[in-house]
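A quick write-up on the structure given underneath.
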Amino acid sequence: MRNGAVVAAVLLSGLLTGETGAAFRNPDGVALIIGNRAYKYDVPQVTYAHRDAEAFRRYVVDVLGFDPENVIHEKDADKATLERIFGNRDNLTGSELWRRLHQDGNSDVVVFYSGHGIPGLNDKRGYLLPVNAHPDTAELNGYPIDVLYDNLVKLKEQKAVRSVHVFLDACFSGDSGGGRLIGATSAIRVAPLRESSGLDKLTILTAASGKEVASWDKTAKHGLFTHHLLDALYGGGDADADGQVTAAEAKAYLDRHMTRAARRTFGRVQNADLRGVETAVLARAVGGMFPVRPGIVPERQPGQRFRDCPTCPEMVVVPAGSYEMGSPASEEGRFDLEGPVHRVTIADPFAVGMYEVTRAEFGRFVEATGYSTGDACLAYESGKFEERSGRLWRDPGFAQTDQHPVVCVSWEDAQAYVRWLSQETGQAYRLLSEAEWEYVARAGTTTPFHTGATISTKQANYDGNYAYGSGRQGVFRERTVPVGLFSPNAFGLYDVHGNVWEWVADCWNESYRGAPTDGIAWVRGDCSRRVLRGGAWGNDPLVIRSATRIMGVAGSRYDDNGFRVARAVGETFPVRPLIDLKRQPGQRFRNCPTCPEMVVVPVGRYEMGSQASEAGRNENEGPVHRVTLEQSFAVGIYEVTRGEFGSFVDATGYSTGNSCFTVEGELEERQGRHWRDPGFAQTDQHPVVCVSWEDAQAYVRWLSQETGQGYRLLSEAEWEYVARAGTRTARYWGPGESEQCQYVNGIDEAAFSGRTPVGCHDGYVYTSPVGKYTPNAFGLHDVLGNVFEWVADCRHESYRGAPSDGSAWENGACSRRVLRGGAWVSGPKHLRSASRSWGGSRNRNYFSGFRVARTLN
């Protein structure tokens with residue numbers, strides 16, 4: 001019985017955290033995209049405005065690399081919406097634009113508008129026309145374009161933004177006083193009547209100049225300006241083939257293509273207008289390539305079933321509609337957080353996974369990406385939830401096949417899956433919003449279950465020891481069942497009641513007060529916690545009602561939590577980005593079964609080197625200097641093992657020779673010593689030794705070829721950054737030597753050497769298996785001790801002239817390379833984060849190995 005487990009899950013979720021999330025090439029970028037199509041007061045529709053806006057949204061996400069959460073995309077905006085987004089003359093800091101900007105001024109801002117506009121009859125100012133505004137009263141209910149420009153200039157002058165690019169597919173068209181607006185055009189004169197010196201700080205590209213009209217392209221189903229502008233931004237405008245499109249190049253492309261198309265098709269003059277920073281870069285190639293501009297995917301119809309790939313979830317299209325969300329006070333088992341009841345309108349059809357995502361579907365994602373969900377999961381046993389090691393989606397503690405719903409996945413794991421699925425298919429997969437979830441679960445019903453006033457264990461998987469309403473007790477299966485075992489609801493969805501809880505997109509809120517009424521996800525509230533719906537195999541029936549809702553921490557994994565996917569089905573503009581799945585700091589992964597396990601480390605800055613007061617300091621550890629790492633990267637959690645290096649040798653026949661420097665009396669090169677036999681016993685879980693810098697480079701080149709990823713050695717600056725893991729003390733556990741044996745394998749009481757050991761025993765005379773000691777704050781093991789680690793840099797006697805951006809120092813004495821971290825033969829002096837050594841790049845000795853890194857796009 002897990003009825004009490006609902007409360008336990010809510011309470012315990014506040015104590016647990018998780019890992020991954022999205023990362024983007026320009027995560028601080030902010031886009032404001034408006035498509036105004038459906039106008040009142042007999043104003044002609046701007047037929048393709050929604051398509052213009054959707055296509056531009058795909059451009060800023062897929063080409064510019066903006067985080068979708070920073071893309072404000074509105075359809076059919078009224079004046080209140082425009083003021084909420086852009087602010088007004090008196091209030092900029094309350095706008096959505098201002099609230100999305102990065103506090104350090106790092107945001108690039110993109111504004112796009114497709115729709116009508118109008119000049120004021122009296123003041124002749126230009127206005128964006130809200131969909132509920134009358135064209136004869138623009139001064140009262142239009143949005144002044146000069147206010148938009150002034151607000152954007154203020155942000156630039158205050159250094160609150162890095163760049164501002166404005167694109168307006170609109171112009172003045174027709175006699176508004178007479179109520180006439182020309183068909184097949186959009187309408188507004190966008191040039192401000194007064195010239196502002198601040199406009200030279202922006203880049204403004206508009207559809208037409210002066211009193212020209214902006215036409216539509218019925219073949220492309222876009223505004224003529226938007227259609228040709230997107231062609232330019234997807235690489236067509238890169239006239240000098242330098243991998244980027246400037247504003248001037250985009251204008252030149254429009255002059256060549258859009259202007260001629262307007263003359264040829266409509267017999268009109270239409271010249272794009274460019275103001276401000278003409279050298280501004282509007283688009284850049286990714287990996288040396290511009291992505292192919294996406295084509296249009298036709299809209300699917302309600303009831304249609306489909307898959308976007310053979311191993312993708314099977315989807316069904318659900319119709320648009322309205323319903324009452326929440327539960328009435330009279331419903332048995334109701335919780336207060338299920339109210340107040342409110343009407344939600346889902347304006348457009350969309351597709352939903354017919355089944356909860358299965359183990360097989362999630363497994364394909366893991367195999368393709370090396371994504372790791374860790375090695376622990378919360379399980380409800382002996383009356384309480386506890387995190388249990390060894391439990392994971394492949395082994396949740398009970399038997400499953402690939403047709404069972406995946407469990408032991410967090411909200412963040414589910415988000416990683418839908419991002420990957422979107423990249424694989426070119427479609428915008430996502431989690432359902434909470435409002436969408438209840439809408440599709442009810443499927444037109446108003447009763448507690450889609451089955452009616454009660455439910456039975458012949459209709460859903462739950463704890464049958466309990467009954468609801470007039471229902472009867474049934475079986476308790478005590479685990480998940482394969483998806484689709486029971487009859488679907490009226491929309492064709494299976495298991496919306498029971499089996500597993502399903503993560504949805506929304507942040508947690510204690511009630512529906514202030515909730516969206518249009519079906520979108522509620523992204524305000526406690527966003528460290530997310531909503532779960534539908535109940536699970538261990539819950540009694542009152543907990544699996546259509547209205548029941550609970551919360552869980554976004555990073556927590558439970559043995560009864562899974563998810564279901566959704567995606568839009570309107571005419572869309574899919575594109576497969578040229579970048580890999582983005583990884584977040586703390587995420588662990590492998591790119592192949594025999595690859596090193598990696599962890600993503602955060603970007604940051606630190607002081608490299610040691611202070612003069614640090615015990616054991618050497619002069620080559622200075623001068624202390626600041627290093628800033630801005631590029632995300634991943635690091636091997638462990639030093640490369642004998643097993644991992646052996647996979648490389650077996651695959652390539654690579655030879656490391658038949659000699660290695662060892663201490664067997666004296667330090668000298670001895671024949672018969674090599675990485676398979678360094679002179680002491682090792683297993684495949686020990687760090688490889690008797691490898692040179694050149695051997696390490698051969699390994700990372702092979703690993704890169706095998707995986708298609710950019711593996712490499714760390715730079716020296718990166719090595720010290722990840723070794724310190726945010727600390728400033730001599731060692732990542734603190735300044736002292738007494739705790740050494742808890743954290744590292746170095747010289748100790750059991751050491752073979754006659755040198756004075758520390759007063760403890762670390763358990764090993766020679767190398768230890770990797771991962772035996774407490775890791776640092778970044779999750780790395782053995783960064784000090786066990787084996788010295790080769791890094792990429794050439795030898796330098798000090799840091800004078802060293803790079804400050806974290807890159808490898810690749811000039812100097814490059815026949816000798818840097819070693820860091822100390823080894824099993826090292827005492828406290830060398831077991832410090834700042835300690836540096838070096839050796840010949842071809843030398844092999846039995847206390848040196850290496851660790852790998854991988855750059856992340």
Side-chain angles (χ1 to χ4, degrees), residues 375 389 588 594 596-599 635-647 660-664 667 673-691 695-696 699 714 719 722-723 725 731-734 736-791 819-833 835 837 844-852:
D375 189 34
S389 295
R588 298 167 63 145
T594 57
E597 186 173 8
M598 310 293 286
V599 64
V635 184
I637 295 173
Y638 313 105
E639 293 155 333
V640 171
T641 65
R642 238 179 55 142
E644 291 160 350
F645 192 80
S647 296
C660 179
F661 281 89
T662 68
V663 177
E664 298 175 43
L667 178 61
R673 297 292 188 223
H674 46 84
W675 68 273
R676 293 190 189 275
D677 180 13
F680 51 83
Q682 282 193 314
T683 70
D684 280 351
Q685 296 308 307
H686 283 71
V688 68
V689 294
C690 290
V691 287
D695 298 335
Y699 174 82
L714 288 85
W719 187 95
V722 301
R731 303 160 182 89
Y732 59 83
W733 64 85
E737 303 171 5
S738 59
E739 304 97 328
Q740 174 179 310
C741 294
Q742 177 184 345
Y743 292 92
V744 303
N745 175 20
I747 289 182
D748 64 354
E749 291 177 339
F752 76 96
S753 172
R755 286 172 281 181
T756 304
V758 294
C760 62
H761 190 347
D762 58 36
Y764 296 91
V765 175
Y766 299 100
T767 59
S768 62
V770 298
K772 286 293 184 180
Y773 303 96
T774 305
N776 70 8
F778 284 172
L780 306 186
H781 294 262
D782 305 313
V783 286
L784 299 179
N786 218 12
V787 297
F788 280 102
E789 299 176 14
W790 290 109
V791 295
L819 290 152
R820 296 298 300 258
W824 55 273
V825 297
S826 302
K829 173 182 172 66
H830 296 289
L831 297 176
R832 294 178 299 112
S833 297
S835 180
S837 302
R844 303 180 177 104
N845 61 69
Y846 74 163
F847 45 74
S848 294
F850 63 102
R851 187 185 303 262
V852 300

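How far CG of Asn845 is from OG1 of Thr662: 9.5 Å, rounded to the nearest 0.5 Å. If you take NE2 on His686 and OG on Ser768, they are separated by 6.5 Å, rounding to the nearest 0.5 Å. One distance of note links CD1 of Ile637 with NE2 of His781; it measures 7.0 Å at 0.5 Å rounding.
A donor-acceptor pair under 3.5 Å is absent between the side-chain atoms of His830 and the main chain of Gly827, judged by distance alone. Ser848 places no side-chain N or O within 3.5 Å of a backbone atom of Arg844 that could act as its donor or acceptor partner. Under a 3.5 Å cut-off, the side chain of Arg820 and the backbone N or O of Ser833 do form a donor-acceptor pair. Using modelled atom types, one side-chain atom of Arg642 and one backbone atom of Arg676 make a donor-acceptor pair closer than 3.5 Å. Judged by distance alone, the side chain of Asp782 and the main-chain N or O of Tyr773 form no donor-acceptor pair under 3.5 Å. Using a distance-only test at 3.5 Å, with no hydrogens or angles considered, a donor-acceptor pair links the side chain of Gln740 to the main chain of Ile747. No side-chain donor-acceptor contact under 3.5 Å links Asp684 to the backbone of Thr641.
You'll find the side chain of Val688 stays beyond 4.5 Å of the side chain of Glu644, heavy atoms only. A 4.5 Å side-chain heavy-atom check between Ser826 and Phe788 finds at least one atom pair inside the cut-off. Between Tyr766 and Pro678 there is no side-chain heavy-atom pair separated by less than 4.5 Å. Trp733 places a side-chain heavy atom less than 4.5 Å from the side chain of Val744. A 4.5 Å side-chain heavy-atom check between Phe778 and Val599 finds every atom pair outside the cut-off. Contact check for Val689 versus Gln682: side-chain heavy atoms found under the 4.5 Å cut-off. Put simply, the side chain of Leu784 does not reach to within 4.5 Å of the side chain of Tyr743, judged on heavy atoms. Contact check for Lys772 versus Tyr764: side-chain heavy atoms found under the 4.5 Å cut-off.
A salt bridge does not link Glu739 with Arg731: none of the charged nitrogens is closer than 4.0 Å to a carboxylate oxygen.
When every heavy atom of Gly821 is checked against every heavy atom of Leu831, the shortest pair comes out as O-CD2, 3.8 Å. Residues Val791 and Leu714 share a closest heavy-atom pair of CB-O, 3.3 Å. Heavy-atom minimum distance, Val691 versus Gly849: CG2-CA, 3.9 Å. Scanning both residues, Asn776 and Ala723, for their nearest heavy atoms gives ND2-O, 3.2 Å. When every heavy atom of Asp762 is checked against every heavy atom of Gly746, the shortest pair comes out as OD2-O, 2.9 Å.
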Trace of the side chain to side chain contact (heavy atoms under 4.5 Å, CB included) decision for Val783 with Tyr732: CA-CA 9 Å; Val783 286; Tyr732 59 83; 3.4 Å; yes
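Ring orientation note: the planes of Tyr846 and Trp824 are nearly perpendicular, at an angle over 60° on the 30°/60° scale.
The only option from Tyr699, Trp790, Trp675 that meets the ring pair (Phe, Tyr, Trp, His ring centres under 6.0 Å) definition with Phe850 turns out to be Tyr699.
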